[in-house]
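Each chain gets a letter, A, B and so on, in the order the sequences are listed, and its residues count up from 1. This structure is a prediction, so every number in the text was calculated from the model and none was measured.
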Protein chains: 2
Amino acid sequence: MRIGQLAEATGTTTKTLRFYEESGLLPPAERMASGYRDYTDDAVGRVGFIHRGQAAGLTLAQIGQILRIREHGQPPCSHVRDLLGERLRELDAQIAELLALRETISQLHAQAAEPEPDTCSADEVCRYI
Amino acid sequence: MRIGQLAEATGTTTKTLRFYEESGLLPPAERMASGYRDYTDDAVGRVGFIHRGQAAGLTLAQIGQILRIREHGQPPCSHVRDLLGERLRELDAQIAELLALRETISQLHAQAAEPEPDTCSADEVCRYI
DNA sequence: ATGAACCTTCCAGTACAGTGGAAGGTCAAG
DNA sequence: CTTGACCTTCCACTGTACTGGAAGGTTCAT
């Protein structure tokens, strides 16, 4: 399977696949006589795993960690568990932060909804911020 | 006031202040005979405004827009109102996305909390993702 | 034999908000 | 007079996940 076919099968681009190889997420592909990359079918699963990892909010670096553990023959389960737990805590913090920010901005926005003030003092940039 | 003093007064670094100047967020400072930047007191307020804008989740580019409108003598109020409204919509979308992601990851994590499976099929990377 | 579609490598750039460091100039204290 | 703290410019780099393009090689159909 050539790189364009793998790209189509996984819904990505050839650029991205080469980038994944360079980043160590995909093992260097075998080459045909022509020099073209020659992928086996399980590359599809591997790319699918990368996409599912991304959908779970993991970074490519974290996905690469899991993949490398797997390559060393160990089941990465407990590592995955840890990563997911960590990601969950990050998400909670991030959501809390955004909710607080939403509150702040919502108030600023409500104030700014008042009619244009005829006095906007020159020594401040904008009274709403 | 030299750049180091302004940096201290505003809780930032000289590097960042020069970067703001280069980005058009701060007007080019007057220079002393030595070539050192010489800031007036209102620079403190201006940097404060930049920081408040950032705290409101605006990008430096957006803050720069407001600042430039202000410089043209117009009150930026209605523009600020629009920006805040836009930011509010973005935030709502972002929060909704993160909550959905949290749901997904929470489920994956719960599955991964089960004891290490003794069969982890070799043709998949990790059953949890 | 020629054109299209595919592949190769390499270099560079995107957005964002800075940060790091080198090489050199200025100023006040000791 | 020298030391140290401060300032100047300029260039390059950080992290993230790609994306764009140039210059050239391969394969297949016409």
Side-chain angles (χ1 to χ4, degrees), chain A residues 1-26 28-39 43 46-67 83 86-87 90-91 94 97-98 101, chain B residues 1-26 28-39 43 46-67 83 86-87 90-91 94 97-98 101:
Chain A
M1 184 191 259
R2 283 175 316 179
I3 195 168
Q5 297 171 307
L6 178 57
E8 183 149 11
T10 56
T12 183
T13 66
T14 58
K15 278 280 187 194
T16 299
L17 291 175
R18 286 190 206 98
F19 169 74
Y20 285 168
E21 178 177 314
E22 198 192 347
S23 310
L25 291 169
L26 291 178
E30 297 296 304
R31 300 299 179 121
M32 306 176 181
S34 59
Y36 288 8
R37 284 173 180 79
D38 192 8
Y39 291 98
R46 184 126 176 169
V47 175
F49 177 78
I50 296 174
H51 286 158
R52 289 193 302 283
Q54 285 192 298
L58 300 180
T59 64
L60 290 186
Q62 291 173 324
I63 296 170
Q65 270 177 26
I66 300 174
L67 253 15
L83 277 179
E86 194 189 319
R87 189 74 193 100
E90 281 170 17
L91 267 180
Q94 212 177 339
E97 224 173 279
L98 287 184
L101 183 55
Chain B
M1 186 192 253
R2 282 174 315 180
I3 196 168
Q5 298 170 308
L6 178 58
E8 183 148 10
T10 56
T12 183
T13 66
T14 60
K15 278 279 189 198
T16 299
L17 291 174
R18 286 190 206 100
F19 170 73
Y20 285 168
E21 178 177 315
E22 197 191 348
S23 311
L25 291 170
L26 292 178
E30 296 296 305
R31 298 301 179 119
M32 305 177 183
S34 58
Y36 289 7
R37 284 173 180 79
D38 192 9
Y39 292 98
R46 183 126 176 170
V47 176
F49 177 78
I50 296 173
H51 287 160
R52 289 194 301 281
Q54 285 192 297
L58 301 180
T59 65
L60 290 187
Q62 291 172 324
I63 296 169
Q65 271 175 24
I66 300 174
L67 252 15
L83 277 178
E86 193 189 319
R87 189 74 192 100
E90 280 171 18
L91 267 180
Q94 212 178 338
E97 223 174 280
L98 286 185
L101 182 55

B:Gln54, CD atom: more than 12 neighbouring heavy atoms under 6.0 Å:
yes

Summary of protein contacts for nucleotides 14-30 of chain C, nucleotide by nucleotide, where a base hit scores B, a sugar-phosphate-only hit scores S (4.0 Å, heavy atoms):
---BBSBB---BBS---

Specify the separation, in whole Å, of atom CD of A:Glu22 and atom C1' of C:dT9.
11 Å

Audit row: A:His51, A:Val47, side chain to side chain contact (heavy atoms under 4.5 Å, CB included) steps and yes/no:
CA-CA 6 Å; A:His51 286 158; A:Val47 175; 3.7 Å; yes

D:dT26 P sits how many Å from A:Asp38 CG, rounded?
16 Å

Bend angle of the helix from C:dA1-D:dT30 to C:dG30-D:dC1, end axes from five pairs each (to 10°)
30°

Validation row: A:Phe19, A:Leu25 side chains within 4.5 angstrom (heavy atoms)
no

Is the backbone of B:Arg31 close enough, under 3.5 Å, to the side chain of B:Asp38 for a donor and an acceptor to pair up by distance?
no

Test item: A:Thr14 and A:Arg2 side chains (from C-beta on) under 4.5 Å apart, heavy atoms
no

Give a yes/no on whether any side-chain N or O of B:Arg37 is located under 4.0 angstrom from OP1 or OP2 of D:dC7.
no

Figure out the NE2/C1' separation between A:His51 and D:dA17, and round it to whole Å.
11 Å

Within this structure, what is the CD-to-C1' distance between A:Gln5 and C:dC7, rounded to whole angstrom?
12 Å

Counting distance only, does the side-chain N/O of A:Gln62 pair as donor-acceptor with the main-chain N or O of A:Thr59 below 3.5 Å?
yes

Tell me: CD of B:Glu21 to P of D:dT9, nearest whole Å?
8 Å

Side chain proximity check, A:Ile66 to A:Leu58, heavy atoms < 4.5 angstrom
yes

Which is it for B:Glu21 and B:Arg18 under the salt bridge (charged side-chain N to carboxylate O under 4.0 Å, His left out) test, yes or no, and what are the steps along the way?
CA-CA 5 Å; B:Glu21 178 177 315; B:Arg18 286 190 206 100; over 6 Å; no

Length of the CG-P vector between A:Leu6 and C:dC6, whole Å
15 Å

